[in-house]
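Structure first, commentary second.
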Amino acid sequence: MTKTVERWQTIRSAIHAATEDAGRQANEVCLVAVSKTFMAEDIEPVIQAGQRVFGENRVQESQQKWPALKQKYPDLVLHLIGPLQSNKVKEALDLFDVIETVDRPSLLQALAKEWPKITRKPVLFVQVNIGSEEQKAGVGVKELPALLKQAQELALPIDGLMCIPPAGDPPSPYFALLKKLALEHGFKQLSMGMSADFAEAIQLGATFVRVGSAIFGHR
Ligand SMILES: *Cc1c(COP(=O)(O)O)cnc(C)c1O
């Protein structure tokens with residue numbers, strides 16, 4: 001067994017334990033294995049061990065790595081967890097099953113233009129800039145209602161919310177705020193929690209945790 005697969009198993013057990021501790025059902029929390037910067041040969045042993053859901057943060061890098069793996073393992077599920085430029089929307093819709101980073105009016109416009117032309121429609125989440133950080137992607141908490149209204153007007157279905165709390169702050173208040181926003185807007189899917197804080201995120205209602213370095217090692 002490779003070191004990566006060993007770490008993957010450890011993380012799976014830890015997710016399971018955190019889910020149980022939170023009084024939730026095991027199948028309520030999905031592990032998104034974040035494989036950005038790692039090569040197909042690092043990723044494939046984890047697929048062979050049974051992992052099916054992966055996260056990537058760049059469209060172009062994903063186009064190089066994933067089509068061949070998807071052909072070999074047709075039930076793979078790919079999440080885009082990095083910023084999406086409007087001029088990459090077509091490529092992203094082709095490759096990804098979930099786009100977690102919808103965050104601005106111009107991106108909604110670009111998605112809406114392609115949406116009617118595609119038969120396999122990815123799931124869309126809105127990324128919230130939960131700590132109101134100037135440099136960070138995501139829609140502001142105050143701007144969220146207007147963005148969701150625009151999505152509705154454009155007939156784009158939004159299924160959940162995603163966030164990355166500010167580095168260095170305790171994450172739990174931010175996770176709790178994302179959960180509150182999800183409840184207010186009727187969303188069941190919450191993507192929050194990474195290698196360092198997935199247990200807290202699960203405690204506060206995460207349905208997807210995005211774990212990279214704790215599985216694949218340092219980038
Ligand atoms: C890289 C990344 C992760 C994984 O982070 P780790 O700390 O390596 O687990 C999760 N979410 C997003 C949006 C990322 O870019």
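Note that ligands are numbered from 1 as they come in the structure, with each ligand's atoms numbered from 1 the same way. Owing to the predicted nature of the structure, the values given are computational and were not obtained by experimental measurement.
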Nitrogen or oxygen atoms of G212 and ligand 1 under 3.5 Å apart: yes
Decide whether an N or O pair under 3.5 Å exists between S195 and ligand 1.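 Yes: some nitrogen or oxygen of S195 is under 3.5 Å from one in ligand 1.
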Compute the ring centroids of W8 and F216, then answer whether they are less than 6.0 Å apart.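 Judged by ring-centre distance (under 6.0 Å), W8 and F216 do not meet the cut-off.
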Would you say the ring centroid of F208 lies under 6.0 angstrom from that of F125? yes
Numbering as shown, the atoms of ligand 1 that approach [X] to under 4.0 Å (heavy-atom distance):
X    : answer
I164 : 13 (C)
V211 : 9 (O)
R210 : 4 (C), 9 (O), 10 (C), 11 (N), 12 (C), 13 (C)

Does any donor atom in the side chain of S213 or R219 lie under 3.5 Å from an acceptor atom in the other side chain? no
Can you give me the closest heavy-atom contact between G82 and T101, atom names plus distance?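 G82 and T101 have their closest heavy atoms at O-OG1, 2.8 Å.
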Protein residue, atom and distance nearest to [atom], heavy-atom basis:
atom                    : answer
atom 14 (C) of ligand 1 : K36 NZ, 3.0 Å
atom 12 (C) of ligand 1 : I81 CD1, 3.5 Å
atom 10 (C) of ligand 1 : M194 SD, 3.1 Å

Before accepting this row, confirm whether a basic side-chain N of the pair [X]/[Y] lies closer than 4.0 Å to the acidic partner's carboxylate O.
X    : Y    : result
E91  : K88  : no
K70  : D97  : yes
R104 : E143 : no

Can you find a non-hydrogen atom of R219 under 4.0 Å from ligand 1?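 Yes, R219 has a heavy atom closer than 4.0 Å to ligand 1.
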